[in-house]
Protein chains: 2
Amino acid sequence: MSPRNGLDLHTVLQAAAEMADSQGLDEITLASLAQKLDIKSPSLYNHVNGLPGLRKKLAVYGLDQLLDVMTRAAVGQSGAAAVHAISEAYISFARTHPGLYDATLRAPDAADTEIQKVGGDIVDLAVRVLHAYDLKGDAAIHVVRGLRSLLHGFASLEQRGGFGLLLDLDVSFRLLIDTFLAGIEAMKQNSETIAKPEL
Amino acid sequence: MSPRNGLDLHTVLQAAAEMADSQGLDEITLASLAQKLDIKSPSLYNHVNGLPGLRKKLAVYGLDQLLDVMTRAAVGQSGAAAVHAISEAYISFARTHPGLYDATLRAPDAADTEIQKVGGDIVDLAVRVLHAYDLKGDAAIHVVRGLRSLLHGFASLEQRGGFGLLLDLDVSFRLLIDTFLAGIEAMKQNSETIAKPEL
DNA sequence: TTATATTAACTAATGATATTAGTTTTATCA
DNA sequence: TGATAAAACTAATATCATTAGTTAATATAA
């Protein structure tokens with residue numbers, strides 16, 4: 001295929017992801033990555049458009065994996081169980097791949113087409129999973145925004161050690177999802193009985 | 001006071017915060033900050049322990065302000081209104097000071113005493129505000145963790161352009177808080193009638 | 001008022017980094 | 001076998017953070 005058998009992009013991203021997970025996203029420099037790959041740093045420009053380009057590709061690489069684990073967690077599940085399943089998959093990914101997860105959210109340009117694409121796929125998955133809650137009109141989008149906020153917020157704070165260690169984090173997490181789902185049900189009741197609550 | 005009338009730490013942090021808000025946290029370099037302050041970059045070491053020291057002090061500076069606006073929003077409020085008040089204050093701070101807000105969460109060392117202190121004060125405020133919900137035992141801590149996750153997640157995703165622009169973000173946000181509060185009420189009902197739901 | 005001590009500024013130097021330009025090597029394909 | 005294309009390389013530059021050592025200014029003590 002290629003006129004020369006060097007590294008391929010996947011190898012580069014895999015190495016970068018490993019570095020990010022073990023040492024933190026900010027420790028990835030072209031110099032350190034090149035050293036890990038046994039090449040000189042300018043050679044990386046054959047695979048990636050400088051440091052910003054690497055960060056962007058790493059973000060897409062991470063989002064692809066996140067979508068994958070969430071999708072697989074969702075199959076065969078429905079209703080509350082499905083929401084829990086994708087949520088656990090999300091948080092588990094963030095825990096197992098802290099640096100890569102970080103990369104998905106610190107992309108140089110969030111408006112990038114490729115990133116929007118995968119991000120949209122994840123949102124679509126969430127919409128499908130929440131379909132069982134039979135949300136009318138805009139409500140589905142609002143609820144997906146809420147679920148994303150909660151998942152990302154929990155993952156991010158946990159990663160940064162923002163929570164004390166007094167209480168089991170898994171309990172907090174499951175309770176948070178349950179509370180959110182109970183809230184959706186309760187709000188639905190309200191909107192059926194009363195026209196407009198107070199919002 | 002001082003044997004020489006140079007800059008003081010507050011001026012340095014104020015300038016850094018302005019830079020962070022207008023250009024992003026990562027654009028703060030000792031070189032660029034020094035230029036803004038009309039000094040040479042090594043002079044900054046008289047005020048701050050290098051770049052990591054600057055980032056840490058900026059984090060504390062931001063957390064102090066965040067605690068302040070949240071505290072002031074809470075006075076005279078109670079129950080759901082109080083939760084909404086501190087939540088709006090939180091999100092408003094993140095919107096008005098995107099770079100400084102970022103700094104509060106990307107401190108070099110989250111375990112730092114000073115950061116833990118202010119962070120703890122914010123948690124205490126949230127606990128007091130949620131006191132009206134009469135949560136028993138560990139529940140209060142779990143709920144505060146949940147609220148923080150919501151707030152940070154929403155603020156962070158909004159800042160990174162993670163949400164589409166189809167729907168009003170303020171509506172999503174208020175709905176999210178309402179859903180969470182409705183969930184707390186619903187969960188409370190359950191735990192009163194049933195011994196252990198399924199969790 | 002004057003001298004001293006303290007502090008904040010400075011210059012100079014070093015090492016690491018990203019990035020660009022231009023060159024060499026090597027595998028594939030005609 | 002030879003041309004091509006891709007991926008490595010070397011060399012060079014600019015920007016940083018950081019350290020060491022120096023100079024200047026000011027509050028306080030004499």
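Values reported hereafter were calculated over all heavy atoms of this structure, with side chains retained and with hydrogens, waters and symmetry mates removed. For clarity, every value in this text was computed on a predicted model and none was experimentally measured.
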Measure the distance from [atom1] on [X] to [atom2] on [N] and round it to the nearest whole Å.
| X | N | atom1 | atom2 | answer |
| --- | --- | --- | --- | --- |
| B/Leu37 | C/dA9 | CG | C1' | 13 Å |
| B/Lys40 | D/dT23 | NZ | C1' | 15 Å |
| B/Leu30 | D/dT19 | CG | P | 11 Å |
| A/Asn5 | D/dA8 | CG | C1' | 12 Å |
| B/Glu27 | D/dA17 | CD | P | 11 Å |
| A/Ile39 | D/dT10 | CD1 | P | 12 Å |
| B/Asp26 | C/dT17 | CG | P | 17 Å |

Global bending angle along the helix from C/dT1-D/dA30 to C/dA30-D/dT1, which compares the axes of five pairs at either end, to 10 degrees: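 About 0° separates the two local helix axes.
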Is [Y] paired with [X] through a side-chain N to carboxylate O contact shorter than 4.0 Å?
| X | Y | value |
| --- | --- | --- |
| A/Lys117 | A/Asp121 | yes |
| A/Asp68 | A/Arg72 | yes |
| A/Lys56 | A/Glu114 | yes |
| B/Arg106 | B/Asp26 | yes |
| A/Asp138 | A/Lys136 | no |

Donor + acceptor pair across side chains of B/Asp8, B/Thr11 (<3.5 Å):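 There is such a pair between these side chains.
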Exercise: do A/Asp178 and A/His84 side chains pair donor with acceptor under 3.5 Å: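 A donor-acceptor contact under 3.5 Å links the two side chains.
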Within-4.5 Å side-chain heavy-atom neighbours: A/Leu58 and A/Ile28: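 When only atoms from C-beta onward are counted, A/Ile28 and A/Leu58 do touch, with a gap below 4.5 Å.
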Acceptor/donor pairs from residues 151-172 of chain B side chains to any protein atom, 3.5 angstrom cut, sequence neighbours excluded:
residue  : atom : partner  : partner atom : Å
B/His152 : ND1  : B/Tyr101 : OH           : 2.8
B/His152 : NE2  : A/Ser156 : OG           : 2.9
B/Ser156 : OG   : A/His152 : NE2          : 2.9
B/Ser156 : OG   : B/Arg160 : NH1          : 3.0
B/Glu158 : OE1  : B/Arg95  : NE           : 3.0
B/Glu158 : OE2  : B/Arg95  : NE           : 3.0
B/Glu158 : OE2  : B/Arg95  : NH2          : 2.7
B/Gln159 : NE2  : B/Ala94  : O            : 3.2
B/Arg160 : NE   : A/Leu105 : O            : 2.6
B/Asp168 : OD1  : B/Asp170 : N            : 2.7
B/Asp170 : OD1  : B/Arg95  : NH1          : 2.8
B/Asp170 : OD1  : B/Arg95  : NH2          : 3.2
B/Ser172 : OG   : A/His142 : ND1          : 2.6
B/Ser172 : OG   : A/Arg145 : NH1          : 2.9

Nearest listed nucleotide, side chain of B/Leu7, among D/dT18, C/dA9, C/dT17: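 Nearest to the side chain of B/Leu7 among the choices is C/dA9.
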Strand-adjacent residues in residues 42-62 of chain A, judged by heavy atoms under 4.0 Å from DNA chain D: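 Correct list: A/Pro42, A/Ser43, A/Asn46, A/His47.
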